[in-house]
Amino acid sequence: MKQFLEQKSLPTKMQITCDNYHISRSVVMSSNFFTGGPKQLFTKALRSGDLVSVEVTEKIIWQAFCLTRPESVYTPTVKKFIDIVAQYTD
């Protein structure tokens, strides 16, 4: 996000880094900050109008990781999760 803001000559000093979407959403709802994340995690706030989705013309690169023990990859639950995530990735 910092690189994206710098490319647009936007300030980066008031940047909050958070890996908890509930906290991130709360900060946005009580300030002039913005956040990014999977749209599905913000569905309730978007439907109620508490938050709005902002369309951007720039491509924002999003990275996420799925971590598990090597032997767990073959369990039905983890395999199903990996299959679902694979549908939305390149």
Side-chain angles (χ1 to χ4, degrees):
M1 187 60 78
K2 183 178 180 182
Q3 182 181 9
F4 174 78
L5 295 173
E6 288 173 344
Q7 289 174 349
K8 298 298 177 189
S9 300
L10 296 170
T12 60
K13 288 186 180 188
M14 295 298 292
Q15 196 174 154
I16 298 171
T17 302
C18 179
D19 62 356
N20 182 306
Y21 290 112
H22 177 74
I23 292 171
S24 182
R25 182 179 60 238
S26 295
V27 169
V28 170
M29 291 180 68
S30 62
S31 70
N32 289 325
F33 283 94
F34 63 91
T35 192
K39 197 172 191 175
Q40 295 83 353
L41 297 177
F42 302 101
T43 302
K44 185 177 177 184
L46 291 168
R47 283 187 183 149
S48 70
D50 290 334
L51 293 178
V52 295
S53 178
V54 178
E55 298 297 325
V56 294
T57 57
E58 299 292 325
K59 187 172 188 173
I60 298 175
I61 298 172
W62 192 262
Q63 292 181 347
F65 301 93
C66 175
L67 304 173
T68 190
R69 296 175 309 174
E71 61 273 15
S72 296
V73 172
Y74 304 103
T75 63
T77 304
V78 174
K79 178 150 181 26
K80 180 68 173 172
F81 178 78
I82 292 170
D83 291 343
I84 291 169
V85 170
Q87 294 176 32
Y88 300 98
T89 59
D90 293 335

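Position 1 is the first residue of the sequence; numbering continues from there.
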To check you understand the geometry: which heavy-atom pair defines the closest contact between Ser31 and Val27, and what is its length? OG-O, 2.6 Å

Any chain of hydrophobic side-chain contacts (each under 4.5 Å) joining Leu46 to Val28? yes

Check whether any side-chain heavy atom of Leu51 lies under 4.5 Å from a side-chain heavy atom of Met29, and answer yes or no. yes

For the residue pair Thr35 and Ser24, what are the closest heavy atoms and their distance? OG1-OG, 2.6 Å

Quick one, Val73 and Ile82 - any side-chain contact, counting heavy atoms below 4.5 Å? yes

Could you check if a side-chain atom of Phe81 sits within less than 4.5 angstrom of a side-chain atom of Thr68, using non-hydrogen atoms only? no

In Å, rounded to the nearest 0.5 Å, how long is the span from OG1 of Thr75 to NZ of Lys80? 13.5 Å

Indicate the atoms forming the closest heavy-atom contact of Ser26 with Ser30, along with that distance. O-OG, 3.0 Å

